[in-house]
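In what follows, a structure is listed as structure tokens, so that the remarks can point back to it.
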Amino acid sequence: MPLLTGAEPYHHQGGETAVLLCHGFTGSPASLRPWAAHLAGQGLTVSLPLLPGHGTRWEDLRVTGWQDWYAEVDRELRLLRERCERVFVAGLSMGGALALRLAARHGDAVSGVMVVNPANRVHGLGAHALPVLRHLVPATRGIGSDIAKPVEREPGYDRVPLHAAHSLRTFLRLVDRELPQVTQPLLLLRSPQDHVVPPADPARILARISSTDVTEVLLEQSYHVATSDYDAARIFEESTAFIGRLAPGAVKEPGLGKEGTTAGG
């Protein structure tokens with residue numbers, strides 16, 4: 001099945017400090033590629049995998065679940081740990097939840113966490129009906145492209161398969177229970193004008209984690225997909241400073257290796 005434009009995974013071999021980036025539900029690496037390229041330009045090793053069922057057509061997502069999505073980023077983290085001295089995890093929306101679970105389960109193997117508009121639950125009146133509704137209705141309208149920039153559009157699905165939405169709901173409830181196990185330094189960036197993830201989600205995450213080194217940044221000019229919005233440069237700068245503070249010497253001057261490599265799925 002051909003990939004959507006920009007949905008290819010991204011990998012760049014840089015220094016001994018790595019960043020694993022996790023994209024969101026029904027999205028693809030396209031929404032995080034500029035962030036990945038920026039980090040690569042700072043001399044960091046970067047991995048941005050394509051999650052199973054994503055980047056092709058929504059029907060492919062219907063036959064996958066949270067175990068598949070988490071297994072992919074867990075595998076990538078283990079590979080990075082074999083090659084690099086330090087690994088940071090990061091993510092957008094559901095990708096933020098994936099990053100938080102990696103931190104909760106891998107402990108000291110994760111040096112820090114960076115999340116943008118992280119999801120904590122599936123909202124809406126139909127959320128509690130998903131266990132039954134998913135057997136009656138194959139899909140509902142999509143949740144992508146919540147971007148303030150009028151010329152930007154997020155490459156992703158225009159439909160949400162309810163089997164996958166049910167699995168996402170199960171996963172987010174699991175992550176919520178594990179949040180107290182997150183002890184690493186955390187950088188949380190959120191958009192007050194987010195039409196997908198309400199303020200209650202990042203607030204609950206901040207209230208439940210055990211991290212003592214926590215930085216919260218408001219992205220005032222952006223909507224949900226802030227990595228492709230007006231505050232993208234702010235995200236890049238804040239994450240670079242966060243890594244540089246926790247891993248002195250890891251961030252180099254921009255220049256080499258900005259392009260990285262892509263691989264079709």
Side-chain angles (χ1 to χ4, degrees), residues 3-10 19-39 46-51 53-58 61 69 73 89-100 113-124 140-161 164-165 168 171-172 187-203 205 216-240 242 262:
L3 292 178
L4 297 174
T5 302
E8 301 87 358
Y10 177 100
V19 182
L20 169 58
L21 294 163
C22 310
H23 70 75
F25 183 64
T26 74
S28 77
S31 60
L32 298 184
R33 190 175 303 277
W35 192 7
H38 171 83
L39 295 170
V46 181
S47 177
L48 170 54
L50 173 64
L51 301 179
H54 291 75
T56 52
R57 56 177 190 166
W58 71 263
L61 183 58
W69 314 326
V73 296
V89 295
L92 167 68
S93 195
M94 179 190 77
L98 289 168
L100 287 164
V113 186
M114 302 175 291
V115 291
V116 178
N117 294 322
N120 180 257
R121 59 175 294 191
V122 174
H123 297 270
T140 187
R141 64 182 180 85
I143 58 173
S145 289
D146 185 36
I147 302 173
K149 271 187 175 181
V151 297
E152 288 289 338
R153 179 168 177 80
E154 179 188 17
Y157 297 153
D158 59 2
R159 303 288 288 169
V160 176
L168 172 62
F171 175 65
L172 293 179
L187 172 64
L188 188 149
L189 307 104
R190 66 176 182 88
S191 304
Q193 300 184 76
D194 188 329
H195 304 101
V196 178
V197 170
D201 282 26
I205 290 169
E216 182 180 16
V217 176
L218 296 184
L219 306 173
E220 300 282 1
Q221 302 181 70
S222 301
Y223 293 166
H224 182 63
V225 192
T227 51
S228 299
D229 216 330
Y230 291 116
D231 290 296
R234 177 95 186 270
I235 295 171
F236 305 163
E237 293 165 5
E238 293 283 354
S239 59
T240 300
F242 179 77
T262 59

- Task: List the steps, then state whether side chain to side chain contact (heavy atoms under 4.5 Å, CB included) holds for Val116 with Trp35.
- Result: CA-CA 11 Å; Val116 178; Trp35 192 7; 4.0 Å; yes
Flag, side chain of [X] to backbone of [Y], donor-acceptor distance under 3.5 Å:
{"X": "Asp146", "Y": "Tyr223", "value": "no"}
{"X": "Ser191", "Y": "His224", "value": "no"}
{"X": "Asp231", "Y": "Gln221", "value": "yes"}
{"X": "Arg33", "Y": "Ser28", "value": "no"}

Can you name the nearest heavy-atom pair linking [X] to [Y], along with the distance?
{"X": "Val113", "Y": "Val115", "result": "CG1-CG1, 3.9 Å"}
{"X": "Met94", "Y": "Gly24", "result": "CE-C, 4.1 Å"}
{"X": "Ala165", "Y": "Val160", "result": "CB-CG1, 4.1 Å"}
{"X": "Phe171", "Y": "Ala97", "result": "CE2-CB, 4.0 Å"}
{"X": "Gly91", "Y": "Ala99", "result": "N-CB, 4.3 Å"}
{"X": "Ala30", "Y": "Pro34", "result": "O-CD, 3.7 Å"}

Quick one: [atom1] on [X] to [atom2] on [Y], what's the gap to the nearest 0.5 Å?
{"X": "Asp229", "Y": "Ser222", "atom1": "CG", "atom2": "OG", "answer": "3.5 Å"}
{"X": "Leu187", "Y": "Ser239", "atom1": "CG", "atom2": "OG", "answer": "7.0 Å"}
{"X": "Leu172", "Y": "Asp201", "atom1": "CG", "atom2": "CG", "answer": "8.0 Å"}
{"X": "Thr227", "Y": "Leu32", "atom1": "OG1", "atom2": "CG", "answer": "5.0 Å"}
{"X": "Glu238", "Y": "Leu188", "atom1": "CD", "atom2": "CG", "answer": "12.0 Å"}
{"X": "Leu218", "Y": "Arg190", "atom1": "CG", "atom2": "CZ", "answer": "5.0 Å"}

- Message: Would Val89 and Cys22 count as a side chain to side chain contact (heavy atoms under 4.5 Å, CB included) here? Give the steps.
- Response: CA-CA 8 Å; Val89 295; Cys22 310; 5.8 Å; no
- Query: Does some side-chain heavy atom of Pro29 sit less than 4.5 Å from a side-chain heavy atom of Glu8?
  - Reply: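 They are not in contact (no side-chain heavy atoms under 4.5 Å apart), so the answer is no.
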- Task: May I ask you to test the Asn120-Val197 pair for a side-chain heavy-atom distance under 4.5 Å?
- Result: no
- Audit row: Asn117, Ser93, side chain to side chain contact (heavy atoms under 4.5 Å, CB included) steps and yes/no: CA-CA 5 Å; Asn117 294 322; Ser93 195; 5.6 Å; no
- Applying side chain to side chain contact (heavy atoms under 4.5 Å, CB included), run through Leu50 and Leu3 and close with a yes or a no. CA-CA 10 Å; Leu50 173 64; Leu3 292 178; 3.7 Å; yes
- Walk me through it: do Thr56 and Tyr157 pass the test side chain to side chain donor-acceptor pair (under 3.5 Å)? CA-CA 8 Å; Thr56 52; Tyr157 297 153; 3.3 Å; yes
- Query: Parallel, tilted or perpendicular: which describes the rings of His54 and His23, with under 30° parallel and over 60° perpendicular?
  - Reply: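 Perpendicular.
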- Message: Taking side chain to side chain contact (heavy atoms under 4.5 Å, CB included) as the criterion, tell me which of Leu92, Leu48, Leu98 meets it with Leu21.
- Response: Leu48
